Amino acid sequence: MEFLKKNGLVILSLSLCAVLTAALVRQSAEVGSLRAELAEEHQTAEHLAERLDETDTVLQSLQASQDQRPISVSFANPTVNTRDRMLTVDVIAQFPDEDEYGLMIGFCQVGEPYRMAWKLDYLQRNEDGTYMKTVTFPLDLEMGLELRLEDDTVIFSSDSIVELLPVQLKHGGTSWHYNSQEQKLYQCDWGVALMDPAGNEVQALDGEFRVYRNGTLVFTGRQMPDNSNVEVDGEIMLSVGLDCPQGDCMRLCYACTDAFGLRYEFPIFEKLAMRWDNMEEVPLSRRPTVTWPE
């Protein structure tokens, strides 16, 4: 009892110190936790700011792309003067939010600037908002074409003028079966669809299907009006079987003449004869070979 009387104050002080220490430790932990939360919130705020900046950049880019006058250009009503080798075609352009009365365009070689254009023409604005001009220029079947505005904006580019000619291949083909045991390729159900540059259906003259084996012409069948059979030497053929050893390449083409006398030959498919009655598709350019009438 005497001990408590003498040391009670010390014991009480020690107890209070322990309580204060525990409180201090707890407060320090809470302060640390708050600091961590604040740091995390700060990082989140920085991340959100970065995302907002990125979004703003994307929006500015989209706005800029809209302001750059991305133009759709199409061609219609092509005619060919085969005697003078001239092409006449309607050039039709659409400009988003464009209200100018007319626009000057330059006809250029691919990659050349507007200042080097070999022909300049003025597109006039129609009531429907499109810009159109019928143009005539020399037709070189080997040429490419690029249309540019005065500020050098490219509104059309192609390395082949063939895209503007009166006849284009929409689709075509046959049903086929390869018999590796007989080493023959059988074809039937011949079909083709043609269009003009504007996508309208057109008819051609003297249509015929041609098959090449390893680059050599081995079959020619005249297209029939039903567009599914072919005629060979006066005989209607529902199907044909052509020699085709394994490893040979067989190419199907469609040839025709347009109303102006140009002769076209469109590649349709090329296949490599494999084992087990299989044929592998060979990558093939769809660009036709075009020749002048003799």
Side-chain angles (χ1 to χ4, degrees), residues 65 68-82 84-95 103-123 130-173 192-200 202 204 210 212 215 249 251-258 260-270 281-293:
S65 65
Q68 287 176 356
R69 299 190 298 180
I71 303 151
S72 65
V73 176
S74 59
F75 303 91
N77 304 316
T79 61
V80 178
N81 180 336
T82 56
D84 299 325
R85 299 197 174 186
M86 303 289 286
L87 173 66
T88 300
V89 65
D90 295 341
V91 180
I92 306 166
Q94 290 184 323
F95 295 77
L103 293 167
M104 188 68 74
I105 60 171
F107 290 70
C108 307
Q109 298 292 339
V110 176
E112 291 186 346
Y114 175 87
R115 60 182 174 81
M116 296 183 66
W118 49 265
K119 176 181 174 62
L120 298 176
D121 233 312
Y122 191 71
L123 300 184
T130 61
Y131 293 78
M132 194 274 286
K133 181 65 181 293
T134 301
V135 298
T136 299
F137 54 86
L139 176 57
D140 179 354
L141 295 175
E142 303 300 322
M143 71 183 290
L145 177 64
E146 200 159 81
L147 301 182
R148 290 176 176 256
L149 301 181
E150 293 178 272
D151 61 2
D152 260 337
T153 299
V154 177
I155 63 175
F156 173 81
S157 183
S158 173
D159 60 359
S160 176
I161 198 68
V162 169
E163 293 184 23
L164 277 61
L165 295 182
V167 175
Q168 307 289 318
L169 177 69
K170 186 175 183 179
H171 58 77
V192 70
L194 304 173
M195 61 182 182
D196 65 11
N200 302 311
V202 296
R210 299 175 176 176
Y212 294 83
C249 274
R251 175 182 293 191
L252 174 66
C253 296
Y254 177 77
C256 63
T257 303
D258 68 20
F260 308 99
L262 285 180
R263 186 68 175 168
Y264 304 73
E265 183 167 330
F266 294 97
I268 296 179
F269 67 66
E270 184 167 330
E281 192 79 20
V282 176
L284 184 67
S285 170
R286 302 298 179 182
R287 182 176 300 166
T289 300
V290 183
T291 54
W292 295 101

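Being a predicted model, the structure only gives us computed values, none of them experimental.
Asp140 contributes atom CG, which lies 11.5 Å from atom CG of Leu145 (distance to the nearest 0.5 angstrom). With rounding to the nearest 0.5 angstrom, the OG1 atom of Thr82 is 7.0 Å from the CG atom of Leu262. Distance CZ/Arg287 to CD/Glu163: 7.0 Å, rounded to 0.5 Å. How far CG of Asp159 is from CD of Gln109: 11.5 Å, rounded to the nearest 0.5 Å. Within the model, atoms OH of Tyr254 and CZ of Arg210 stand 11.0 Å from one another, a figure rounded to the nearest 0.5 Å. The CG atom of Leu120 sits 13.5 Å away from atom CZ of Arg115, with the distance rounded to the nearest 0.5 Å.
Side-chain atoms of Val192 and Leu169, non-hydrogen and from C-beta on, do get closer than 4.5 Å to each other. Side-chain contact between Cys256 and Phe266: present, with at least one pair of heavy atoms (C-beta onward) separated by less than 4.5 Å. Annotation: side chain of Phe156 is not in contact with side chain of Ile105 (no heavy-atom distance under 4.5 Å). Contact check for Tyr264 versus Pro166: side-chain heavy atoms found under the 4.5 Å cut-off. You'll find the side chain of Trp292 reaches within 4.5 Å of the side chain of Val80, heavy atoms only. Residues Leu141 and Leu165 meet the side-chain proximity criterion, which asks for heavy atoms closer than 4.5 Å. With a 4.5 Å cut-off on side-chain heavy atoms, Val162 and Pro288 count as touching. Side-chain atoms of Phe95 and Leu149, non-hydrogen and from C-beta on, do get closer than 4.5 Å to each other.
Counted by atom type alone, Ser157 and Glu146 present one or more donor-acceptor pairs between their side chains at under 3.5 Å.
Heavy-atom contacts from other residues, nucleotides or ligands closer than 6.0 Å to NZ of Lys170 number 12 or fewer. No more than 12 heavy atoms of other residues, nucleotides or ligands lie within 6.0 Å of CE in Met116, so this atom counts as exposed by the packing criterion. Shown here is Glu281, whose CD atom has more than 12 heavy atoms of other residues, nucleotides or ligands within 6.0 Å.
A side-chain hydrogen bond (donor to acceptor under 3.5 Å, both in side chains) with Arg263 is found for exactly one of Thr291, Asp258, Thr289, Thr257, namely Thr257. Each of Asp121, Val154, Leu123, Val91 was evaluated against Leu147; a single residue qualifies, Val91, per the side-chain contact (heavy atoms from CB on, under 4.5 Å) test.
Checked against ring pair (Phe, Tyr, Trp, His ring centres under 6.0 Å), Phe137 has the following partners two or more places apart in sequence or in another chain: Phe107, Trp118. Residues passing the side-chain contact (heavy atoms from CB on, under 4.5 Å) test with Ser74, sequence neighbours excluded: Ile92.
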Can you list the steps and then say if Thr134 with Val89 is a side-chain contact (heavy atoms from CB on, under 4.5 Å)?
-> CA-CA 6 Å; Thr134 301; Val89 65; over 6 Å; no
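A pairwise comparison of heavy atoms in Tyr114 and Arg148 identifies CD1-O, 3.5 Å as the closest pair. Counting all heavy atoms, side chain and backbone alike, Gln168 lies closest to Pro197 at CG-N, 4.2 Å. The minimum heavy-atom distance linking Cys108 with Pro113 is given by the pair SG-O, 3.6 Å.
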